[in-house]
Amino acid sequence: MSLFNRQSVIELLQSPRDELFARADLVRADVMGDAVYLRGIVEFSNICANDCVYCGIRKSNRNPKRYRIDSTEIMDVAHRMQASGQTTIVLQSGEVATPKEDERIATIVRRIKAETSLAVTLSCGNRPRDTYAYWREAGMDRYLLRFETSDPDLFASLHPDCSLEDRLQCLRDLRSVGAQVGSGFMIGVPGETLEILADNILLCRDFDLDMIGIGPFIAHPDTPLAGQLNAYADDPDMYFAAVAALRIVNPDAHIPATTAFDAIWPHAGRDLVLQRGANVFMPNATPGKYRKSYMLYPDKPCVDEEDHLCAGCASARIWSIGRMIGTGPGHSIKHR
Ligand code: SAH
């Protein structure tokens, strides 16, 4: 485990940017190699019982048309991913914690594992350990659940439906059922300080996460945070500094270049993140007609695309920066 503390992470975040980015890229190349793993994401439902104050698909927002993609359509995407050489499918949704929904999700995981060789990642929010165990038994390989912020009071102000401790318990439960665990946070939610950002990075290390996804907070107009500025709005390079410091403190974690970077720097944000510490790309694999209804934040890229798979475009971007596509499942490199 790396020996950083709050003060030394803050120093990293404030160090000359060119040096910081170059160092993060070196650590990434050394420890993770040049391959970039693709993890196609299917946003299979935007129905949500929660009211996270930043999120565009929160329960109280009446604007998005609510949808749930049926298993036939999900399987169609899975087969196309397999045929195009992709190795992981990520299934993400709003939060509907009912036994019926848990069972539907288990059924689709079982089908994907039976009919393809894809690794399956779920990202469906807080659940009791029993549900995670049930999904794991069905074949789930990994789970993504961001802790969003390490500050308990800030967390409480953002999440009327759960506490930071509940969220962290979910991460422990996921580990205990044998899933590879991904988490992470938003960069610059209003009220975040540099101390909190440093603690976020350290919390990722303390949980020894297999995958860490972080991306800038972007205010959504239909939420209580409408119009609020990112805490680093006057220094957007801090978003990249956060990824670079994250890589240096967590050398052997998978780190995706997250979609929100492309919302801020269209067609370029994710490429830059890949050159400043990241080694994973998550192309949108949601069927085109649903994409406009899964607007977590404004200016989300690729929502006008007709094609179901953004992987072709992602591959071109990866080759153009001199990297290659990861083959094989791209499991965690951590040995437990
Ligand atoms: N219901 C699932 C999926 C949530 S959406 C869950 O809670 O895990 C996935 C991620 O999008 C969230 O974890 C959050 O970090 C991010 N997100 C949501 N709204 C955002 C916003 N306004 N700006 C930036 N990121 C946002």
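All ligand and atom numbering here is 1-based and tracks the order in the structure.
Ligand 1 has Cys55 within reach: a non-hydrogen atom of the residue lies less than 4.0 Å from it. Contact analysis puts Pro216 in contact with ligand 1, with a non-hydrogen atom separation below 4.0 angstrom. Residue contacts with ligand 1 leave out His220, since none of its heavy atoms falls under 4.0 Å from the ligand. At a 4.0 Å cut-off, not a single heavy atom of Gly213 sits close enough to ligand 1 to count as contact.
A donor-acceptor pair is defined here as one N or O able to donate and one able to accept, closer than 3.5 Å; such a pair exists between the side chain of Tyr143 and the backbone of Cys124. Side chain of Thr286 to backbone of Glu43: a donor-acceptor contact under 3.5 angstrom is found. Between the side chain of His159 and the backbone N or O of Asp161 there is no donor-acceptor pair closer than 3.5 Å. Side-chain N or O atoms of Ser183 include one that pairs as donor or acceptor with a backbone N or O of Leu145 at under 3.5 Å.
Counting atoms of ligand 1 from 1 in the listed order, those under 4.0 Å from a heavy atom of Glu95 are 1 (N), 6 (C), 7 (O). Close contacts between ligand 1 and Tyr297 involve ligand atoms 20 (C), 21 (C), 22 (N), 23 (N), 24 (C), 25 (N), 26 (C) [criterion: under 4.0 Å to a heavy atom]. Numbered from 1 in the order shown, with element, the atoms of ligand 1 that lie under 4.0 Å from a heavy atom of Gln92 read 3 (C), 5 (S), 9 (C). Within ligand 1, the atoms closer than 4.0 Å to a non-hydrogen atom of Leu145 are 8 (O), numbered from 1 in the order shown. Using a 4.0 Å cut-off to heavy atoms of Arg146, the atoms of ligand 1 that qualify are 13 (O), 14 (C), 15 (O), 16 (C). Below 4.0 Å from some heavy atom of Phe217 lie the following atoms of ligand 1, by number and element: 23 (N), 24 (C). In the vicinity of Glu148, heavy-atom distances shorter than 4.0 Å reach the ligand 1 atoms 12 (C), 13 (O), 14 (C), 15 (O).
The pair Glu165-Arg172 meets the salt-bridge criterion, since a charged nitrogen lies less than 4.0 angstrom from a carboxylate oxygen.
Inclusion of Tyr294 in the set of residues having an N or O under 3.5 Å from an N or O of ligand 1 is not warranted.
Partner of Asn279 under the side chain to side chain donor-acceptor pair (under 3.5 Å) criterion, chosen from Arg323, Arg28, His254: His254.
Checking atom 16 (C) of ligand 1 against the protein gives a heavy-atom contact under 4.0 Å.
When all heavy atoms of Val96 and Arg127 are compared, the closest pair comes out as O-NH2, 2.9 Å.
Under 4.0 Å from ligand 1, the heavy atoms of Ser93 that appear belong solely to its backbone.
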